[in-house]
Amino acid sequence: MNGYEAAKAKYAAYGVDTDAAMETLKKIPVALHCWQGDDVKGFDHDGPLSGGIQTTGNYPGKARTAEELFADMEKVFELTPGTKKINVHASYAIFEEGEFADRDKLEPKHFAKWVELAKKHKVGIDFNPTYFSHDKVKDGLTLTSPDEETRKFWIDHGKACIRIAEYFAKETGIPCVMNIWIGDGYKDIPADRMGPRLRYKDSLEQILSVPYDKNLVKPCVESKVFGIGVESYTAGSAEFTLSFAATHEGVMPLMDNGHYHPTEMVSDKIPAMMCFYPEFALHITRPVRWDSDHVVLFDDETKEMAKEIVRCGGLERIYMALDYFDASINRIFAWATGFRSWQKALLSALCTPNEMLKSLQDTNQLSKLMAMQEACKLLPLGEIWEEYLRQCGVVDDLHFYDEVEKYEKEVLSLRV
């Protein structure tokens, strides 16, 4: 009996079918974010990263062009198992030589090469308007700005992105999640908390007034508790985004697990949300003390989030995307490690005897529940993971970094 067959038998004793778990995992789409490859720089400006976003580090070899970014993403595809989508920010519009369109004038044609990449790999595309790193962010504000000219520019940007999102969905045949996040807020105590939120509500409603196919475009609004330079107040708080989504048909809330107070756990929020929202979205990251967007690891909260999604029946209702950016280490390694870690978390959740554990809780067998939960921690998940990688034709953990080093030597080191 080989290692996988022995591990499979151990799981079977707990009522878990590991073959079925792997087949399920192969079909779960997870969006891979384009901005890890170039430190959120994008292609539509030469200025610094601004608006509450910050990357640290200067590891050599970052992507400088669309061609380099595409090549790096394709390498990550090779190094990771499972079904993917591509997650694109509007600042990654690709212009022909001599051409430029500001963000309020963006058109589907400026993202045609992204569609070519998606079709090549038979994957969908998710999309994000970019409300940062632009000279029309006035006084740190976009959709909440009291300056109507500023606010109109950013509303028009959102409308343009709705049209582009629908283009992505039509071209790929896969619905496009279009996520709206703004960094609008104040460093110190504001005199008016309600006014910016009313303007934000109106801006969102104007953006969503653009006709679009609700089966193809899945708009969502993302919250954040604070950010750099907006430590005291953000207009797009959790209460605001949850309430907006609840009162506007077809709009989803998006939870980023770095966008809450350090003691809040998104794993606990997931089952609560599923009681009320037919669908919602997640940005999966690893906050270290705050929203630092560290590379996702196979850590406790990552595992708990995946566990809640699986055991609550959320695989068909929750749109999952990665969101982190680390410029201090090899970017290909960071990208692939985060994706592999989330795959491990989902596999762990799918190989958990959830029905048995629920039954123990419901029959008040709490001592046995604790015993079984502890026993599950030592089940041989590693052997199941190795078999999953083998079936997907992806390099195993032992040799994974060898592939990263080879790509760095042959490709990244030449980017000088």
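Test Thr142, Leu204, Ile207, Asp104 against Ile155 for side chain to side chain contact (heavy atoms under 4.5 Å, CB included) and you get one pass: Ile207. Of the candidates Met178, His89, Glu166, Cys161 forms a side chain to side chain contact (heavy atoms under 4.5 Å, CB included) with just one, namely Met178.
Less than 6.0 angstrom separates the ring centroid of Phe127 from the ring centroid of Phe111. You'll find the ring centres of Tyr131 and His157 inside the 6.0 Å limit.
In this structure, Lys269 satisfies the cation-pi test against Tyr260, with its NZ or CZ atom closer than 6.0 Å to the six-membered ring centre and inside 45 degrees of the ring normal.
A salt bridge links Glu205 with Lys201: the closest approach of a Lys/Arg side-chain nitrogen to an acidic carboxylate oxygen falls below 4.0 angstrom. Salt bridge present: Glu387 and Arg390 bring a charged side-chain N and a carboxylate O closer than 4.0 Å. Taking a cutoff of 4.0 Å between a charged side-chain nitrogen and a carboxylate oxygen, Lys307 and Glu304 qualify as a salt bridge.
Within a 6.0 Å radius of CG in Asp396, other residues, nucleotides and ligands contribute more than 12 heavy atoms. By the neighbour-count criterion of 12 heavy atoms within 6.0 Å, atom CG of Leu366 is densely surrounded, having more than that number from other residues, nucleotides or ligands. Residue Lys136 places its NZ atom among more than 12 non-hydrogen atoms of other residues, nucleotides or ligands, all under 6.0 Å distant. Residue Lys368 places its NZ atom among 12 or fewer non-hydrogen atoms of other residues, nucleotides or ligands, all under 6.0 Å distant.
Sorted by first and then second residue, the pairs that involve residues 211-226 and meet salt bridge (charged side-chain N to carboxylate O under 4.0 Å, His left out), not counting sequence neighbours, are Lys218-Glu279, Lys224-Asp291.
For the ring pair (Phe, Tyr, Trp, His ring centres under 6.0 Å) test, residues two or more places apart in sequence or in another chain that qualify with Phe70 are Trp114. For the salt bridge (charged side-chain N to carboxylate O under 4.0 Å, His left out) test, no residue two or more places apart in sequence or in another chain qualifies with Arg163.
Listed here is the closest heavy atom pair of Ser145 and Arg151: O-CD, 3.5 Å. When all heavy atoms of Ile270 and Phe280 are compared, the closest pair comes out as O-CZ, 3.9 Å. Scanning both residues, Ile309 and Ile318, for their nearest heavy atoms gives CG1-CD1, 3.8 Å. Here the closest heavy-atom approach between residue Arg415 and residue Gly61 is recorded as NH1-O, 2.9 Å. The two residues Leu143 and Ser203 come nearest to each other via the heavy atoms O-OG, 2.7 Å. The two residues Val395 and Leu389 come nearest to each other via the heavy atoms O-CD1, 3.7 Å.
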Derivation of the ring pair (Phe, Tyr, Trp, His ring centres under 6.0 Å) call for Trp181 and His283: CA-CA 11 Å; Trp181 172 80; His283 272 186; 9.7 Å; no
Worked check of salt bridge (charged side-chain N to carboxylate O under 4.0 Å, His left out) between Lys152 and Asp156: CA-CA 6 Å; Lys152 183 180 185 303; Asp156 288 344; 2.7 Å; yes
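Inspection of the Glu408 and Tyr59 side chains reveals an N or O donor paired with an N or O acceptor under 3.5 Å.
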